[in-house]
Amino acid sequence: MSTRESNDDRIALLQGTLDLLILKSLVFGPCHGQGIARAIQAQSEDTFLVEHGSLYVALQRLEEKKWIRAKWGVSENNRKARFYSLTEKGREQLVEKTGEWRRLTRAVGLILDASGPQSEEA
Amino acid sequence: MFTRKRGTDDFAEEITAHIELEAEQLRRDGMSAEDAQRQARRKFGSVRAAQERFYLHNRWAWLDSLVRDLKFGFRGLLESPGFTITAILTLALGVGANTAVFSVMNSVMLRSLPVADANRVVYLRTTNPPHGTGTIDSTRTFSYAAYDALRGQTGAMSALIAFVPLSGSKVAVRYGTQPEEAEGDMVSGSFFSGLGVKLERGRGFTDQDEKDHAPIAVISYDYWTRRFARNPDVLGTTLYVNGIGLSIVGIGAKGFEGLEDAHSTDFWIPLQNRPELNAWGNPLENGKTYMGNPTWWCLQLIGRLSPGVTKSQAVAQLQPVYQQAAYIGLGTPPPGEQKPALSVVDAKGFPGYAEMYGRPLQLLMGMVGLVLLIALTNVVMLLVARNASRQREFSMKLALGAGRGDLLRQLLTEGFLVVSTGGLAAWVFAVYATGALGAWAQIESSLAPDGTVLRFTVCVLAVAVVLFGLAPLRIALSAGPTLVQKTSSAASASSRGSSHMGRMIVALQMTLCVVLLVGAGLLIRTLRNLENTPLGLKVDGLVVFGVNPQIKSLPQGREFYRELIEKMRGLPGVDSVTIMEERLGSGWSDNSAMLVDGKLPDVPDGGSRTVRSNVAGPDFFRTLGVPVLQGRDFRGSDTATTPMVGIINEEFARRFLPNQNPLGHTFGPENGMAKVTIVGVVKDHKYRSIDEDPIPMAWYMYAQIPVVSRMEVELRVQGDPLAVLPAARKAVQQIDPKLPLIRPMTQRAQFDTTISSQMLFARLAGFFGLLAVVLVATGLYGTLAYRVGNRTAEIGIRMAMGARRGQVLWMVLRDSLVLTAVGVAMGIPCAILMGRALASSLYGVKPLDGASFLLAVAGVAFVALAASAMPARHAASVEPLVALRAE
């Protein structure tokens, strides 16, 4: 039997989107990888499944871009974990990307919500 | 980049922590400890895969983005093949031409010898050689006595090496039975060891070999390859040179072609002292070889400075020894004679050729540099135009979150792709071009681009990459993320600034084009003048070759040539035959003062007494087609037993026997050893080279003078002159089966060698001019087409407002005519400077040659009109309604 989980209600994340979501989840303070994954999944009402492997690649990428930084620390239940936090640059990016995302979704929404094609004069 | 990379262990720890945290959470959600652990692992997926991805990401991130950039660049370039091909071709021609010319300049002027520690190796030079000596080159050759004295001084130079060719051209060799010809040098025993030239196989020479005049030879790697197909068994076999057997003991290092200017030496032998192997293949003088003859300065010297000794120290130390040695065997210097002074120069390039080609090569380098400038600006303009039309694409990318750095990287990648492809093509082009250049310049040694040339080319290309990346970036960035929201192509018309820049560049290109065309015009007219210079003889139908028989005695030598002439006359198709000592048009001549009627002639105003003399055979002037003005030609009946006769040219008579009948007067060498009666006066004609001025000349009859040696045989034939050679070869070998024909060629080709540098420069300059024209045409066409494209809407509006097609046509043409006028106005003063710089390379053309200037201006104007015709027609054919609706 296949061990692969198939869940049609969940949406695979676009790369850029995952970056945005990670940044967003760090707004409220430093967090470790597992916490970020949980937060995204929970806050999207379980719509987004974060593949953990991809998550770490994304974290690594953001760290390289210096949008986030990481430090080893101790979790609330006394476990050692690597904590990520937003940098100043990351904060700027979050604002910018959020704005872009809003514009994009609004535009897409406008198109999708439009009341049918307008008839053209022949 | 500067932060420490995370280790894989650190990452593994993070994953473990993640799984632990997840499991704990699941336990808190009510799962059993075991299930929670399993579920957490499952949820994470493959730990190993994650680790691999982490590792690969770290490792290959830069490569990955590079590959992505390259792919992207390729795709972008393939989308506009017209642009890509034009840019690559432009670069290949521009950079390739520069590489080729630089490569030649490098070989001729800059390249060090391929020897160990080359910057410690120097050529020895002298000022005026002592009175009464004969030299090969008045500053570069020394007597054997001077060499022998200098090398005894061990302090200044750790090695002092003499070298001298066995012949002025090629020497007769035989390996097995077949006679051949090859280039050989006699050298000091320290030749290979002192220069630090390694041997591919076998051994070099020793001082003992030099002392013993050992009959051994080292062949060059190139000759080994060419003649012996790199057969290692050649070592120990015998090579016969002028009939003397020499055992091959070594093969020179690959790439070492010897020290003879622009020639590739085939073999070296230790300095010899026997008549068959005299320096330059000359006959003995008073029974002495170059070794015993202090008046013949024929050896070139090269030395390696001792460690820690500077050039000036070495010269200071050798000077007194040299000034004494220079007079060995010559007696005391006449009063007032300046003693010769020794000096040293870096052993670089081909010293003889550097004099002949140096200045023209520098000028050509300048010209080809202008071509490169045109080529680079052209590609920049193409890129700017292309990227301006991609502003919407860039704007879109910026809007989608691409950083400016990403855009820069993309542009640099595209630039890099164009430049590297173009550069590769340029290199291939240059390798072939240097081959052609070498052939035109009569340079036998390899001119192939080397490491220095490669560095030069890579530098040029690096500049190109940066230029091509940065120039269009301004436009790309000026797009900004907001431009994409505008939908009209009218937006692009806002780039007035960049188009202004483009016009300036086109005007500048026109300027350079005028300069190049004027230069090309002057040099091509020079070549035409040279080619059309009357030689004073009927050169077509003449074929010439050398023979160097073994001469045991004077009568035997004379008999050999009498028989040879007889045999040649009998060949089918041969009209007449003669022989001479110095081949016409070979650049060689025997120059000296002469006694006329027993005394040095009076020349007004301290003019030159120099006479060029040659030794000729019967029917000499009839064969050459030189009119005999007075008296007669040499005859077969002029022999050792009849009175000695000589023939002079008009210039001789005019200068030394003015206003009298020269027939019956006498002339002879300065030492008074012989006296010949003038029996003929011939019309002036070219002797040494095409561009010489008339000079007094005198001829002796070969059968009457006390020396006979190597001769040049000249045949006047019907039909193709070269077709007679196989029969001639057979006839020569009937007399002596070991004799090869040396350098057989038509007399026309022989004369052409004397203008090879002018041919080279005219052809190259013509090519550069053509290249400039083509480049300027494409540049102008591209700029205008782009501008017209951008102004389609404007033109549409103009036409809708009532502008006629003629007016639109004129609008575009006027644009390019203004550019041309500006370019020409700037170009003419520059071209005048160019003409001045070229002055010394011109023949029969003034630097301010009106025709060349007119043609250049007309050429540029024509190109401008031709290149703008299509965009103008396109503009005039704009349909106003279509143009407006497109908005």
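Convention: sequence-line order gives letters A, B, ...; per-chain numbering from 1. Values in this document were obtained by computation on a predicted structure and should not be read as measured data.
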Residues at least two apart in sequence or cross-chain that pass side chain to side chain contact (heavy atoms under 4.5 Å, CB included) with A:Q43, listed by chain then number, are A:A39
Side chain from CB out, backbone as N, CA, C, O: work out which of these in A:E63 comes under 4.5 Å of a heavy atom of chain B, or both, or neither.
side chain
A:R102 atom CZ: more than 12 heavy-atom contacts under 6.0 Å:
no
Do you know which two heavy atoms are closest between B:E14 and A:Y56, and how far apart they sit?
OE2-CE2, 3.2 Å
Strictly below 4.0 Å, N to O, side chains only: are A:K71 and B:D10 in salt-bridge contact?
no
For chain B, which residues from residues 80-90 of chain A lie under 4.5 Å away (heavy-atom distances)?
A:K80, A:A81, A:R82, A:Y84
One option among B:E13, B:E20, B:E22 has the most heavy-atom pairs under 4.5 Å with chain A, and it is B:E22
So A:R79 and B:E24, do their side chains get closer than 4.5 Å, heavy atoms only?
yes
Contact check, side chains of A:Q34 and B:Q25, non-hydrogen atoms, under 4.5 Å:
yes
Tell me whether B:F83 at atom CZ has more than 12 heavy atoms from other residues, nucleotides or ligands lying less than 6.0 Å away.
yes
